[in-house]
There are 2 protein chains.
Amino acid sequence: MRNTDSIIRRAEKQCASRGTRLTKKRKYVLTGLLESDKALSAYELIAVCKEKYDEDIPAMSVYRILDFLQGEHLVHKLNTASKYASCANIEDDKVGCYSQFLICRSCSKVKEVGLKPSMMAELQATVQDASFKLVNPQLEMNCLCDDCA
Amino acid sequence: MRNTDSIIRRAEKQCASRGTRLTKKRKYVLTGLLESDKALSAYELIAVCKEKYDEDIPAMSVYRILDFLQGEHLVHKLNTASKYASCANIEDDKVGCYSQFLICRSCSKVKEVGLKPSMMAELQATVQDASFKLVNPQLEMNCLCDDCA
DNA sequence: AATTTGGATGTTATGATGTAACATCGATCC
DNA sequence: GGATCGATGTTACATCATAACATCCAAATT
């Protein structure tokens with residue numbers, strides 16, 4: 001079990017050092033994702049903020065907050081699921097390590113696993129051979145978790 | 001340039017042998033995808049069928065047709081883009097070879113490339129280590145094509 | 001040929017995700 | 001206090017997708 005408070009304090013400092021602010025609502029959204037082992041949609045996050053903090057955040061704001069948190073490398077968007085998850089490496093200083101996301105198609109449980117450099121290199125090579133440029137090397141894998149299987 | 005007609009005839013036979021039918025509208029949708037090097041959304045396919053065949057197909061029908069074509073392994077859904085593309089191996093008999101899709105985030109151009117068994121094995125191993133089961137090993141890579149880069 | 005039957009398609013309404021444009025709020029700086 | 005600028009609110013709308021029910025049509029049966 002990770003300590004949400006200490007992660008939030010770290011994130012706060014990180015934002016401050018970059019000249020941005022982790023506001024109250026941004027904290028609520030980030031905390032919602034930190035305390036969930038499942039990826040959540042924007043609308044699910046609205047519900048979480050309402051239930052846990054009695055805070056009404058309009059959809060537009062949640063999307064903006066999610067954009068902000070992605071920009072701060074605190075949150076990932078899982079495009080195949082249209083849901084969001086906090087970065088696994090949010091607790092430590094590892095940065096720039098590309099990831100493989102295992103997403104349960106039934107319950108949205110997510111695990112983020114580092115991608116070996118050798119794998120990354122091979123995928124990258126394929127992309128270059130096809131005259132494409134890799135923009136965001138985020139591998140999302142359509143899975144079932146052990147509970148749902 | 002591949003021969004759309006001969007592919008359609010192959011697909012027709014394949015359906016017949018499975019006890020399904022490649023109807024006129026299903027052919028229109030499949031042809032639309034075959035003749036595009038870009039992935040197309042359901043609504044873009046509606047427009048293509050209207051322009052090329054003067055055929056009005058309601059959205060609901062296009063989605064059903066796309067489901068059917070996926071079931072026949074003639075079409076892929078690219079989840080990260082919410083668009084659809086014809087199978088690259090639709091011309092030959094290769095089956096069951098897992099794919100890596102390079103998708104231009106700007107213009108939706110798609111290339112489907114076979115995934116090496118060694119890569120597949122490694123990804124699969126990661127999934128198992130995390131107690132997940134891989135459902136659909138379709139790697140979608142967020143790229144830019146050379147034209148858009 | 002008429003009838004039946006089941007899959008394919010049409011219609012309507014609605015849900016889910018996401019964004020554009022513009023208004024307002026609120027913390028910090030002078 | 002007032003100016004300023006980023007954060008948030010409001011409204012409207014675009015896009016993707018499906019549920020529920022009606023109808024059509026082609027092949028099989030009589």
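The model shown is predicted, which means the values in this text are computed figures rather than measured ones. Numbered from 1 within each chain, the chains take letters A, B, ... in sequence-line order.
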> In whole Å, what is the span from the CG atom of B:Leu22 to the P atom of C:dT9?
Replying inline: 10 Å
>> Just the rounded figure in Å: distance from C1' of C:dT9 to CG of B:Leu66.
In response: 14 Å
> CZ of B:Phe68 versus P of C:dG7: gap in Å, rounded?
Replying inline: 13 Å
>> Less than 4.0 angstrom between a side-chain N/O of A:Tyr84 and OP1 or OP2 of C:dT17, yes or no?
In response: no
> To the nearest angstrom, how far is A:Arg64 atom CZ from C:dC25 atom C1'?
Replying inline: 12 Å
> Is there a side-chain contact (heavy atoms from CB on, under 4.5 Å) between A:Glu112 and A:Gln100 once you walk through the steps?
Replying inline: CA-CA 6 Å; A:Glu112 179 180 354; A:Gln100 184 177 351; over 6 Å; no
> Are B:Lys50 and B:Asp54 close enough, and set up right, to give a salt bridge (Lys or Arg N to Asp or Glu O under 4.0 Å), and what steps lead you there?
Replying inline: CA-CA 4 Å; B:Lys50 178 61 179 170; B:Asp54 195 37; 3.0 Å; yes
> Counting only heavy atoms not in A:Lys13, do more than 12 fall under 6.0 Å of its NZ?
Replying inline: no
> Around A:Lys38, counting heavy atoms of other residues, nucleotides and ligands shown, do more than 12 lie under 6.0 Å from its NZ?
Replying inline: yes
> Which word best sums up how the rings of B:His76 and B:Phe101 line up, parallel for under 30°, tilted for 30 to 60°, or perpendicular for over 60°?
Replying inline: perpendicular
>> Expected output is a numbered-order residue list: members of residues 37-47 of chain B with a heavy atom under 4.0 Å from any atom of DNA chain D. What is it?
In response: B:Ser41, B:Tyr43
>> Within the 4.0 Å heavy-atom criterion, would you say A:Arg21 contacts the bases, only the backbone, or no part of the nucleic acid?
In response: sugar-phosphate
>> Take a 6.0 Å sphere around NZ of A:Lys116 and say whether it holds more than 12 heavy atoms from other residues, nucleotides or ligands.
In response: no
What pairs of nitrogen or oxygen atoms, one from the protein and one from nucleotides 13-15 of chain C, lie under 3.5 Å apart?
none

> Which whole-number value in Å describes the distance from A:Tyr28 OH to D:dT8 P?
Replying inline: 12 Å
> Are B:Lys25 and C:dG10 close enough that a side-chain N or O sits under 4.0 Å from OP1 or OP2?
Replying inline: yes
> What is the distance from atom CZ of A:Phe68 to atom SG of A:Cys15, rounded to the nearest 0.5 Å?
Replying inline: 4.0 Å
>> Just by distance, no angles: are the side chains of B:Gln138 and B:Glu140 close enough, under 3.5 Å, to form a donor-acceptor pair?
In response: yes
>> If you count every heavy atom of other residues, nucleotides or ligands that lies below 6.0 Å from A:Lys52 atom NZ, does the total exceed 12?
In response: yes
> Going by heavy atoms closer than 4.0 Å, what residues in residues 56-63 of chain B are next to DNA chain D?
Replying inline: B:Met60, B:Tyr63
> Any side-chain heavy atom of B:Val127 within less than 4.5 Å of one from B:Lys133?
Replying inline: no
> Which pair of non-hydrogen atoms, one from A:Ala130 and one from B:Leu102, has the smallest distance, and what is that distance?
Replying inline: CB-CD1, 3.4 Å
>> Once you measure the plane-to-plane angle for A:Tyr43 and A:Tyr63, does it fall in the parallel (<30°), tilted (30-60°) or perpendicular (>60°) bin?
In response: perpendicular
> Given D:dT15, is OP1 or OP2 found less than 4.0 Å from the side-chain N or O atoms of B:Ser82?
Replying inline: no
> Over how many whole Å does the gap from B:Lys27 atom NZ to C:dT9 atom P extend?
Replying inline: 12 Å
>> Tell me the interatomic distance from B:Ile65, atom CD1, to C:dG7, atom C1', rounded to whole angstroms.
In response: 13 Å
> Within this structure, what is the CZ-to-P distance between B:Arg18 and C:dG7, rounded to whole angstrom?
Replying inline: 15 Å
>> Can you tell me which nucleotide in D:dA7, C:dG18, C:dT9 comes closest to the side chain of A:Lys77?
In response: C:dG18
